[in-house]
Amino acid sequence: MARQLVGLASCTLGEVKNRADLLIYWGANPMESHMRHLSRYSAMSKGMYTPEGRKGRKVVVIDVRPTPTSKNADIFLQVTPGQDFEIATVLRALVNGVALHGLTDNSLIGGVPLAKWQELAELMKQSSYGVVMFGIGLTQSRGKDLNIEQLSTLVSELNKFTRFYGIAMRGHGNVNGSNQVMTWQTGYPLAVNFNRGYPWYNPGEFSVVDMLHRKEVDAALIIATDPGAHLPYDIVRYLQSIPTIAIEPHKNLTTPWANVVIPVAPAGVGAEGTFYRMDNVPLHVKKIIDFPYPSDVEVLRSIKERVSNVKNRQRAGL
Amino acid sequence: MCKQITLILKTEPSLPVEAENITPDNLSSMDATEINNLLLWYGNEQRKLSEFFTVEISEVEEVDEFEEGTPLCHTRIIIKGDLIRFKRLGEGMSSGELLIEGSVGFHTGALMKGGTLIVRGNAGDWLGAQMEGGKIIVQGSAGHFIGSGYRGNPQGMRGGMILINGDAGQMVGSRMRRGVIAINGNCGDAPGYRMLAGTLLIGGVPGIRVGANMKRGTIILLKPGELLLPTFYYNCTYRCPVWGLLYRELKDQGFNLQCSNKDIYFKRYSGDGNEGGKGEILTCHSH
Amino acid sequence: MALQVHKDVVCTFCGCLCDDLEVQVEDNTITKVGHVCTIGRNKLMHAQSDLASLRVNGKEAALEEAIDKAAEILVQAKAPLIYGLSSTTSEAIREAVVLTELVQGTIDNPSSY
Amino acid sequence: MRLNGVEIEDTFAEAFGMRAARLTITGINDNWAYNGAAAVTGFATSVIGCGVEAGIEGYSSNTPDGRPGMNCLFFAPSKDELESNLLKRIGQAVMTCPTTACFDGDLPEFKGNDSALSKVNIGGKLRFFGDGYQASKVIGAKRYWRIPVMEGEFLIQEEFTLAKAVGGGNFLILAENVESALQACEAAVVKMKELKGIILPFPGGVVRSGSKVGSKYKFLTASTNTAYCPTIKGRVEDTMLSENTNCVLEIVIDGLTDELVSKAMGIGIRAAVEVPGVLRITAGNYGGRLGKYHFHLHKILGGN
Amino acid sequence: MLKIVNGQVYDPLNGDRGEVRDVYIEGGKVVDTLSTKIAEVIDATGCVVMPGGVEIHSHIAGAKVNSARSMCPEDHYDHFKKVTAITRSGSGFTIPTTFLTGYLYAQLGYTTAFEAAVPVLEARHAHEELQDTPLLDTGIYTLMGNNYLIMKVLSEKDDSARKNRLRDLVTWLLTSSKGYAVKVVNPGGVESWKWGKGSVDLDTPVPPFGVTPRGILLGLAEAIKDLRLPHGLHLHANHLGEPGNFKTTLETMYALEGYPIHFTHLQFHSYGMTKRWGLSSAASEIAEYLNTRPEFTYDVGQLVFGPATTMTSDSPMQFRLHQMTGNKWISADIEMETGSGIVPLAYKQSNLVNAIQWCIGLELLLLTKNPWQVSLTTDHPNAGPFTAYPHIIRLLMDYDFRNEMLEQLPPKVAQFTNLKDIKREYSLEEITIITRSGPAKDLGLKHKGHLGINADADVAIYRLLEDKEKMFARPAYVLKNGKVVVKDGEITQSLSGKSFLVDPDGSKVLPPDLIEEFAKYYTIALANYAVQDEYIIHPEVIACD
C-alpha cells in the first residue's frame with residue numbers, strides 16, 4: 001500500500017544473489033520465517049558477481065531483539081520498538097546530507113547512537129548494489145505503511161548514488177498472487193468492494209479486520225487461510241455469529257465452527273496452478289499426489305455456477 | 001425562503017448505508033415523494049430513503065446573520081438520529097446546509113465543494129477527504145484521515161475549512177494542499193503527514209511524527225506534545241503575525257479556541273528537512 | 001504403485017517459493033522430501049494428515065449439498081466477505097474474484113492488516 | 001446665497017475621477033500602527049509632485065489580525081499610478097516599520113457596486129524581498145505573504161482592492177486676516193475628519209498655495225492662483241478678491257464617492273462660516289471642462 | 001454464416017478503396033460465397049467496412065502493467081465499468097484492468113493486440129493476464145536486449161559458432177516465453193544501469209562481456225532474419241526521450257540497414273536539441289531517411305494530452321523521469337534479463353516540452369510517405385491511453401482541426417517544430433493501413449488486416465461521419481472471429497481470443513554450458529522456467545517463412 005504514494009525500487013531475488021554487496025534485513029528474521037532465503041537468494045548464496053558468497057557481502061540486521069539472523073550479521077543494530085519511521089527519516093537525512101537539528105553523534109535514534117546510523121548511511125551509499133529486505137517487524141509496528149513509505153523513499157533516494165532496492169519479505173505462499181490477481185481483475189490489490197457491481201477500494205474501510213470489527217459483514221467465505229488462528233478474538237467471535245464457509249484442505253482453528261466446511265486438495269501438493277514469489281516471479285506449482293477432494297478452483301467454480309443460476313433467475317424475475 | 005428538509009432516522013440499520021445522494025444540491029428540487037423514493041445503497045442492494053427515514057419538508061424564512069437584511073435562499077437538510085452506519089453523507093455537496101444531529105460514519109463531506117456541513121455528534125474516518133471548498137463543523141470528535149487524500153492521490157484537501165471541536169484520529173490533513181483544519185482536542189499520530197500547503201491547527205496534544213514529510217504549509221500546536229522529528233529545525237520564538245488572522249477567522253466561524261489571541265509567542269520550526277524544509281511547525285510557547 | 005521422485009517441486013508454504021524440492025511419493029503418499037527447510041518438510045510430510053471433513057452446520061454432508069449451502073449463504077447475504085486466498089493458486093483467486101463480483105461482496109486478503 | 005451672513009458664491013468645485021485604495025496597517029500597539037500609517041501617508045499632498053494623495057482616516061475598530069490598526073486612504077489618477085505608488089510606499093514605509101502588517105481595508109462604501117472595484121497585486125510583488133524564503137498563506141478566501149525580516153515577519157495581503165473614486169473636491173475660504181482664515185479651516189477640518197471615506201491630503205487638511213492651469217513659463221503647466229493672492233491684488237486684473245480680503249485658504253477633499261465629497265464640503269463650509277472674519281466661500285474649477293464631477297456650492301448647502 | 005451488405009469496403013491489401021461490396025463470413029473466416037442462403041445480414045449502408053484493428057505495440061498485460069495498476073489506484077477511482085450479464089466489471093483509465101482493456105479495444109474496433117515487453121522470467125504472468133483479456137487475439141514480445149545469456153553468446157569470438165548459438169538461444173527464449181517477436185529495449189543500457197553506470201551509446205562496451213549495443217542489435221537482427229520470424233526486430237533504441245537523440249536513432253538505423261526492423265514509439269526518438277539543451281523536432285530528418293528505407297517500419301507513440309502512465313523496461317530512463325517530476329516511481333531489476341520502471345505522468349498542453357512532443361509525433365506520421373511503414377500507437381499507456389486513437393485519427397484526417405489544436409499550444413512550439421506547414425490529410429484508406437492492414441503486414445499476420453478470402457473474420461464497421469473522431473469512437477458493429485461482439489459501441493458478447501506463437505527452426509534446448517550458467521545464476525530451476533502449455537488456451541502458431 002505504501003507504494004501507492006511513493007512507489008518502490010525493487011529487484012528479483014536473483015539480482016540479490018548475483019549482485020548485492022550490501023544486505024539489510026529490517027524487522028525480518030528469515031532464519032526462522034523464510035529458512036532457505038539466506039542460502040538460496042541472499043546472504044549466503046553465491047552468484048555471478050558475488051562468487052565469495054557471504055564473505056563478499058556486508059550483512060546488516062535491524063531488529064528489536066537478537067535473532068538467529070542477527071547473530072550472523074556483520075552489523076546488528078538493536079533498536080527500540082516502534083521507531084522504524086524515525087530511523088528511516090534520519091537515514092534519509094544522513095544519505096542526502098540534510099542537517100539534523102540538535103543531534104550529536106551520541107544522540108539515540110531508535111535506541112542506537114546517531115554515529116552508527118551515519119556509518120550505515122555511508123555503507124549504503126558506498127555499496128554498489130544494496131538491498132533492504134523488510135518484514136513484519138517493520139510493517140506491523142507503529143506507523144505501519146508509513147514506515148514502509150519512508151523506507152521506500154530512502155531506497156529511491158539512494159539510487160541517486162548507487163543501485164539500491166527493497167523487497168518485502170512476504171509470508172504466506174501466494175499472498176502476492178492474490179494481490180496480483182485482484183489488481184489485474186479489479187484494479188486494486190486488496191480490500192475491494194463490489195457492492196455496486198464495480199470494484200471500489202479503500203483499505204481501512206473494506207479490509208477484513210476493520211469490516212469485521214465494525215460488524216459490516218453478514219456472511220463470509222474463507223479460502224485457504226485460517227482466520228481462527230490469525231485474527232483477533234473479537235473478530236473471530238463475530239465471524240462465528242454469521243454464516244461462514246471455509247474452503248480449506250486441513251483441520252484448523254476455523255473448521256470446527258464454520259457453518260460449511262469444504263475440504264479441498266492443497267495447492268502445490270494435490271492441485272496445480274500458479275503462485276507468485278515475494279519478488280513477483282510467477283511459478284507453476286505441480287500436483288504431486290491425488291487427494292480425495294476436488295481443487296478449490298473446482299469448488300469455487302461450482303459455487304459460482306450455482307450463484308449465477310440464482311442471480312440469473314432473479315434477473316429474469318422468476 | 002429557505003427550504004428545510006428534516007430526515008428522522010427510524011431505526012439504526014445493521015449494515016452500512018451509503019448515502020451520498022443526500023446532499024442539499026440533490027434534494028433542493030425534489031418533492032417529498034421524490035425524496036422518499038431516493039435510492040441509498042444498503043450492502044449490495046438499493047433501498048428507498050423512506051425505509052430508513054421519515055421526511056418532513058418546511059419553508060423557513062431566514063436572513064443572513066452577517067449581511068443584515070439579505071434573505072437566505074438555500075436548502076437545509078437536517079438529519080436526526082444516530083447515523084454511525086451512514087457513509088458518504090454530503091459527499092461532493094456544493095451548496096446549502098447539511099445539519100446532522102447525531103454522529104455519522106465515514107466519508108462525511110468528502111469531495112465537498114461548497115456549503116456548510118455541521119455534525120452535532122462525532123464523525124467517522126475520511127471526513128472532508130479531498131474536499132475542495134465549503135465548511136465542515138464537527139462538535140464532537142472525528143476519525144482518521146480528516147481532510148486527507150484517498151490512497152494513491154498525491155493531494156488531499158484542496159480548499160475549505162474543517163473545524164473539529166473534539167479530538168481527531170491519525171493523519172489529519174495528510175497531503176492537504178490548501179485550506180484550514182482546526183482541531184480543538186488531541187489528535188493521533190502523523191498529523192499533517194506529507195502536507196503540501198495549508199494550515200492545520202491542533203489545540204490539544206498531538207501524537208508523534210507531526211508534519212512528517214511535509215513540503216510546505218503550517219502546523220500550529222497549542223499544546224506541543226513529544227519532540228518533533230530531528231528533520232525539523234528550530235528558528236526562533238516570536239509573535240507570529242498570521243496567528244492573529246487565523247484566530248480571528250476561526251472566531252468568525254464560531255470556533256471556540258481554548259486560548260486567547262493576545263500575547264502568544266510561538267516557537268517556529270522549519271521542516272521537513274528531507275522534503276526541502278519549507279514547511280513550518282509553530283508551537284505555542286506561552287499564553 | 002511404484003516409487004516416484006518428483007524433482008524441481010515448488011514449495012508453496014512461504015513467499016520464497018523454493019522450486020528445487022525433491023519429493024518422493026510411494027503409493028500416493030509423500031514419504032521423503034529433499035532440498036527443503038524444516039517448515040516445508042513438515043508441511044509436505046503432513047499434507048495428507050489432519051484433513052478437514054466436509055460438513056454443513058456441523059454435520060457430515062455431500063459435496064453437492066455443501067456447495068448448494070455455500071451458494072445459498074452467499075446469495076442471501078447483503079454484505080458477504082470473501083477472504084483469505086493467501087495459500088492458493090491464482091487460478092482459484094481468479095474464481096474468487098468473479099464470485100465476489102457476482103454476489104457483490106467484498107474481497108480481501110491477509111496483506112491488509 | 002448667504003450662510004450665517006457669509007456669502008456663498010454660486011459656483012462649483014470641479015473634481016476628477018481617481019482610483020483609491022484603503023489600507024489597514026496594524027501594529028503591536030497604537031503607537032507602531034500610527035508610525036507605519038504616518039510614514040506610508042507622508043508626503044502625499046498632491047499627485048502633481050507626490051504621485052499620490054493620501055491620508056490617515058483614523059483608527060480601525062476591527063482589524064483582520066485583531067491588533068491595533070489604522071486605516072489610510074490613497075488616491076491617484078490611474079490604476080497603474082496607484083499600484084506603483086502603493087508598492088513603493090508599502091515597501092519603504094510599512095515593511096520597514098517594526099511589528100506592522102498591511103491589509104486591504106474594507107470598502108463598505110461600494111457594497112453592491114462591484115463594477116467600481118478592481119484588484120491589484122501588491123503583496124505578490126513585494127514578496128520577492130524575501131529572497132526565496134517568503135511564504136504565502138491563505139486564510140478565508142484571501143492570500144497573504146509572509147516576508148522574513150530582522151524583527152520577525154512582515155505580513156502583507158496579496159491583493160488590494162482599488163475603487164473608482166473622486167479627487168479634487170474643494171472650497172476656498174476668503175477671510176479678513178490669516179487668523180480668521182486658519183481658525184475657519186481648523187474648525188472645518190475637525191468636523192470633516194469625523195467623516196470616513198474622505199481625506200484632506202494637505203498639511204493639516206489645508207492648502208495655501210492653490211494653483212491655476214498654465215503659467216507664463218512654458219515649462220510649467222500650473223502656477224500660483226494669482227486671482228486669489230492678496231499680496232498682488234493690485235497688480236492682477238482679474239483678481240477675485242474684495243478690498244477687505246487679506247487671506248485665502250483652500251481645503252481639498254478626496255473621497256471614495258461623490259456623495260462623500262459633497263457631504264464633506266457641506267460639513268466643512270458650515271463649520272467655516274461660523275468663524276468671525278470669514279467673508280466669502282467659493283470653490284475652484286476649470287470652467288467645467290476638465291473634471292467629471294461638479295460640486296455646486298448652493299446645491300450642497302441646500303440652496304438653489 | 002453472416003454477410004455484410006452495402007458497406008463501403010476499405011481493404012487496401014486487396015485494392016478496395018471504399019467500393020461497395022458484400023463481405024461473406026463463415027466459420028470465423030472471410031469466404032467468397034456462403035454455403036447456405038440462410039445467413040445473418042448486417043446492413044452496412046452508409047458505413048465503412050474495415051478489417052479489425054491491429055495494435056502493434058501496447059502495454060496491457062504482465063508484471064509491470066500490474067505493478068502500475070497497483071501503484072496508481074487514483075487512475076481507477078473515477079473510471080469504472082459495472083458488471084453486466086455479459087461483461088465483467090473493471091476499472092482504470094490509462095491502465096485499465098484486463099477485462100476492461102479487452103472491452104475498450106473492441107469498442108474501438110480493435111481485435112488484435114500485442115503486449116510489447118515481457119521478460120521470459122515473468123512471461124507466465126503476462127499470459128495469465130491475457131487469458132483474462134477478452135475479445136482480442138494477442139501475443140507478446142520477448143525482451144532480449146539486456147539478456148545475460150544473449151550477451152554471453154555474443155561475446156563468443158568465433159563468427160559462425162556465435163551465429164548458430166544465438167539463433168538457437170533466440171529460439172529457446174521465444175519458445176520458453178511463448179513469445180511472438182524479439183523485443184529490444186535500450187540495448188545494453190539496462191545492464192549498464194544495474195552496474196550503476198551511465199547511459200550507453202551504440203558503441204559503448206557493456207559489462208560484463210564488453211559487448212556493445214551495436215553488437216547486440218546486429219546479432220539479434222541477423223538471427224531474426226535467419227530464423228525468418230514473422231515480425232522483425234522490435235526495437236526501442238537507446239537514449240529514449242533525450243534531446244538530440246535523433247542522432248543515435250539515425251546511427252542505429254544506418255547500422256541496421258537491410259534488416260527488417262520495427263522502430264517502436266519513434267516519436268520519443270526523434271528529438272533534436274536546441275542551443276540550450278532543450279527539445280526540438282527532428283521528425284523531418286528521421287522521416288526523410290525512412291522514406292528511403294522500405295525495410296524499416298515504425299509505430300509512432302503519439303503523445304496525448306492528459307494523464308499517462310509511463311512504463312518501460314528502460315529503467316534508467318524511468319529513474320530520470322522520476323527525478324525530473326518527483327512523481328512516484330516503481331523500478332524492478334529482473335535477474336539475468338532486464339529491468340523496468342514505472343512513473344505516472346500528465347502531459348499538459350501548456351507545457352512546451354509536451355507540446356513539442358505532440359507535434360513531433362504528428363510530423364512523423366505526416367512526413368512518412370508510405371503509410372505501410374507506419375503503425376498508429378500511443379505506446380499505451382506511455383504517451384497516452386489507446387482510447388485516444390479516434391482523436392488522433394481526426395488530427396491526421398482534418399488539417400483545420402489539427403491547426404485548431406495547434407493554436408492552443410504555447411506559441412513557442414512554432415520555433416521548434418514545423419507541424420503548421422504540413423498540409424497533408426490522411427485518407428480513409430491510409431487510416432485503414434496505419435491502424436490495421438499495415439501493422440498486420442508488419443507482424444507477418446497474413447490472415448489479419450484485410451478482408452480477402454480466408455482472412456480472419458475480424459471486422460469493424462463504422463458509420464461514415466464528417467467528424468472522424470466520433471466516427472471511429474463508436475463502431476456500428478465489430479465482429480470478432482465472425483461473431484458480432486460490439487453493436488452501436490456496446491459489447492454484445494464476450495469471447496476469448498487466440499494467442500499468436502512462433503515455432504522457429506532453432507534448438508529448443510539450451511546447450512550444456514548455458515544450462516550450467518542458468519543453474520548457477522537464476523533462482524529458479526530450468527525445468528520451471530518455460531511457460532507451460534496450459535497457459536495458452538487458444539494457440540495459433542504463425543509460420544516462420
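As the structure is a prediction and not an experimental result, all values here were calculated from the model. Here is how names work: the chains are called A, B, and so on, in the same order as the sequence lines, proteins then strands, and each is numbered from 1.
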Heavy-atom neighbours of Asp25(B) CG exceed 12 at 6.0 Å: yes
Qualifying residues under side chain to side chain contact (heavy atoms under 4.5 Å, CB included), relative to Gln157(D), sequence neighbours excluded: Phe103(D), Asp104(D), Lys142(D), Tyr144(D), Phe160(D)
side-chain contact (heavy atoms from CB on, under 4.5 Å) assessment of Arg216(B) paired with Ser136(D): CA-CA 10 Å; Arg216(B) 282 187 300 276; Ser136(D) 83; over 6 Å; no
Over 12 non-hydrogen atoms of neighbours within 6.0 angstrom of CZ in Phe110(D): yes
Any side-chain heavy-atom pair of Arg268(B) and Glu153(D) under 4.5 Å: yes
Greater than 12 external heavy atoms within 6.0 Å of Lys119(D)'s NZ: yes
Pro241(B) to Asp65(D) - nearest heavy-atom pair and separation: O-CB, 4.4 Å
Lys193(D) atom NZ, neighbour heavy-atom count above 12 within 6.0 Å: no
Phe266(B) atom CZ, over 12 foreign heavy atoms within 6.0 Å: yes
Short N-O contact, Lys137(D) and Glu280(B), less than 4.0 angstrom: no
Toward chain B: residues of residues 20-29 of chain D with heavy atoms under 4.5 Å: Ile28(D)
Enclosure of Lys113(B) NZ (heavy-atom neighbours >12, cutoff 6.0 Å): yes
Heavy-atom closest pair, residues Ile139(D) and Leu245(B): CD1-CB, 4.0 Å
Between Leu246(B), Asn235(B), Val242(B), the one whose heavy-atom pairs under 4.5 Å with chain D are most numerous: Val242(B)
Residues, nucleotides or ligands: over 12 heavy atoms within 6.0 Å of Leu117(D) CG: yes
Heavy atoms of other groups near Tyr59(D) OH, more than 12 under 6.0 Å: yes
Rounded distance [0.5 Å steps], OG1 in Thr63(D) versus CZ in Arg248(B): 7.0 Å
